[in-house]
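Report on one structure; see the data block that follows.
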Amino acid sequence: MKMIRLSKRLMLRLKSAESVVAFTGAGISAESGVPTFRGADGIWAKMRPEELASMAGFLKNPDLVWQWYAHRKRVIADVEPNAGHRALVDMERLFPHVTVITQNIDNLHRRAGSSIVHELHGNIERNYCMKCGTTYANEAVLAAAGVPLCDACGGTIRPDVVWFGEMLPEEEWDRSLRAAQSADLFFSIGTSSVVYPAASLPLTAKMQGAYLVEINPEPTPLTGRADEFLQGPAGDILPMICTCAEQERRAMT
Ligand code: BJW
Ligand code: ZN
């Protein structure tokens, strides 16, 4: 593991921060074995996003889209949270307010034990009927051969995730925006920072006074605007940040 040097400015924030936000993307779950979207090994290297993650794509080819989601539901059910997810749970011992805002649909933050998790793009463990709204658990939809249909009305069931062109869940978005606006320290972790409106949150936080730290093995469009770029995997860097925060805050008492 490569050791990362944290700046004096970050150390000071680790010592004094009251409200911490961790904004996460697919990269934090990569070390659990969940594939990311973009990049050489990402999902979009093999499939076109608009064919799989849009209502137009779903209406055109529901079988293909369901096959893809059924596969991902099984992959995600089989993986475990990793050191990065667990470090965000640890932060709750160290700072008075910790909010996780995630673009991920894999439920791994909740499974790791984070208390406040806002899911901006839905949750792959939930499904609902497009006609009457009845909700279904994964066991029910995975038992169907082909596209699952609603027991109540015969309508088509879809995964409860946010596709391109769809609005983000209003309450999750409002809470996320408020958390970003009141953060002292904002971590943008494992996201390519290209999907909006989620990608606007780090800069909103910075404009309102947060110290903005990006954690990613690769630079992104956010990198030049972050106060600090910690280059490397989240599963290495987040535990290191917790260790430093613990030392800084212990020295304070
Ligand atoms: C590691 C690592 C390790 C690797 N440790 N890191 C403004 C400007 C331009 C466009 C728009 C705009 N506003 C809206 C749009 C349109 C669109 C959009 O943003 N398009 C751009 C892509 C061009 N946005 C929308 O449509 C959104 N809705 C919306 O805006 O509603 C209002 C509206 C309605 C109607 C009309 C117009 C506007 C909805 C976006 C929904 C996104 N949905 C998806 C699929 C979810 C369901 C599913 O999973 O199946 O969400 S797309 C996909 O991308 C998924 C992700 O959450 C999202 C972000 O991806 P993420 O997490 O960043 O992953 P990657 O793979 O891109 O990056 C991984 C990163 O990890 C990399 O950087 C690696 O280096 C790194 N990494 N290993 C740390 N170990
Ligand atoms: Zn129905």
Side-chain angles (χ1 to χ4, degrees), residues 1 22-45 47-58 65-66 68-73 75-76 82-85 87 101-107 119-136 140 148-170 172-173 187-202 214-223 229-239:
M1 190 196 307
F23 169 62
T24 65
I28 195 168
S29 297
E31 291 161 80
S32 291
V34 183
T36 62
F37 293 92
R38 297 163 188 85
D41 299 330
I43 293 168
W44 300 151
M47 324 247 204
R48 279 154 49 92
E50 58 276 27
E51 268 175 30
L52 295 172
S54 74
M55 181 55 86
F58 184 52
V65 174
W66 258 112
W68 184 55
Y69 277 100
H71 168 71
R72 290 174 64 213
K73 282 170 188 286
V75 168
I76 288 168
N82 64 52
H85 298 104
I101 303 173
T102 189
Q103 299 167 85
N104 300 344
I105 46 90
D106 57 28
N107 209 27
E119 293 171 323
L120 293 179
H121 293 161
N123 187 312
I124 201 164
E125 292 188 5
R126 300 191 303 253
N127 309 274
Y128 66 93
C129 167
M130 284 163 54
K131 203 161 155 194
C132 74
T134 301
T135 56
Y136 289 88
L149 300 176
C150 177
D151 292 336
C153 77
T156 304
I157 299 171
R158 62 166 282 181
D160 191 356
V161 297
V162 181
W163 284 328
F164 286 113
E166 295 182 332
M167 303 296 285
L168 274 53
E170 201 176 328
E172 306 278 317
W173 174 252
F187 294 103
S188 178
I189 307 160
T191 174
S192 56
S193 303
V194 295
V195 174
Y196 282 82
S200 66
L201 289 171
E214 184 181 35
I215 300 173
N216 199 310
E218 307 293 334
T220 74
L222 183 69
T223 306
F229 175 51
L230 302 179
Q231 190 160 20
D236 290 353
I237 293 179
L238 286 169

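As the structure is a prediction and not an experimental result, all values here were calculated from the model. Computation of the quantities below employed the complete heavy-atom set of this structure, encompassing side-chain atoms and omitting hydrogens, waters and symmetry-equivalent molecules. For ligands, and for the atoms within them, numbers begin at 1 and follow the listed sequence.
With hydrogens left out, the protein atom closest to atom 70 (C) of ligand 1 is G190 O, 3.4 Å, a heavy atom. When hydrogens are left out, the protein atom nearest atom 31 (O) of ligand 1 is E166 O, 3.0 Å; that is the closest non-hydrogen contact. Closest protein heavy atom to atom 2 (C) of ligand 1: G27 O, 3.4 Å. For atom 57 (O) of ligand 1, the nearest non-hydrogen atom of the protein is H121 ND1, 2.8 Å.
Note: angle at the Zn ion (ligand 2), from SG of C129 to SG of C132, is 110° (rounded to 10 degrees).
No heavy atom of I28 sits closer than 4.0 Å to any atom of ligand 1.
N127 has its side chain out of reach of Y69: every pair of non-hydrogen atoms, C-beta onward, lies at least 4.5 Å apart.
Side-chain N/O atoms of N107 and N123 include a donor and acceptor closer than 3.5 Å.
Below 4.0 Å from some heavy atom of Y69 lie the following atoms of ligand 1, by number and element: 47 (C), 48 (C), 50 (O). Short contacts between ligand 1 and G25, defined as distances under 4.0 Å to a heavy atom of the residue, involve ligand atoms 62 (O). Using a 4.0 Å cut-off to heavy atoms of E218, the atoms of ligand 1 that qualify are 75 (O). Residue W163 approaches ligand 1 through these ligand atoms, each under 4.0 Å from one of its heavy atoms: 39 (C), 41 (C). Under a 4.0 Å criterion applied to the non-hydrogen atoms of G165, ligand 1 contributes the atoms 25 (C), 26 (O), 34 (C), 35 (C), 36 (C). Remark: ligand 1 atoms within the under-4.0 Å shell around heavy atoms of I105 are 49 (O). Shown in contact with P233 at under 4.0 Å from a heavy atom are these atoms of ligand 1, numbered in order with element: 3 (C), 5 (N), 80 (N).
When R38, Q103, E31 are ranked by how near their heavy atoms come to atom 60 (O) of ligand 1, first place goes to R38. Among F164, Y196, W173, the residue whose heavy atom sits closest to atom 11 (C) of ligand 1 is Y196. Nearest to atom 46 (C) of ligand 1 by heavy atom, out of V161, L222, D160, V162, is V162.
One finds a salt bridge joining E119 and R126 here, because a Lys/Arg side-chain nitrogen approaches an Asp/Glu carboxylate oxygen to under 4.0 Å.
Rounding to the nearest 0.5 angstrom, the gap separating the NE2 atom in H121 from the CG atom in L168 is 4.5 Å. In this structure, NE2 in H85 is found 6.5 Å from OG1 in T24, a value given to the nearest 0.5 Å.
Looking at D160, its side chain never comes within 3.5 Å of a backbone N or O of Y128 through a donor-acceptor pair.
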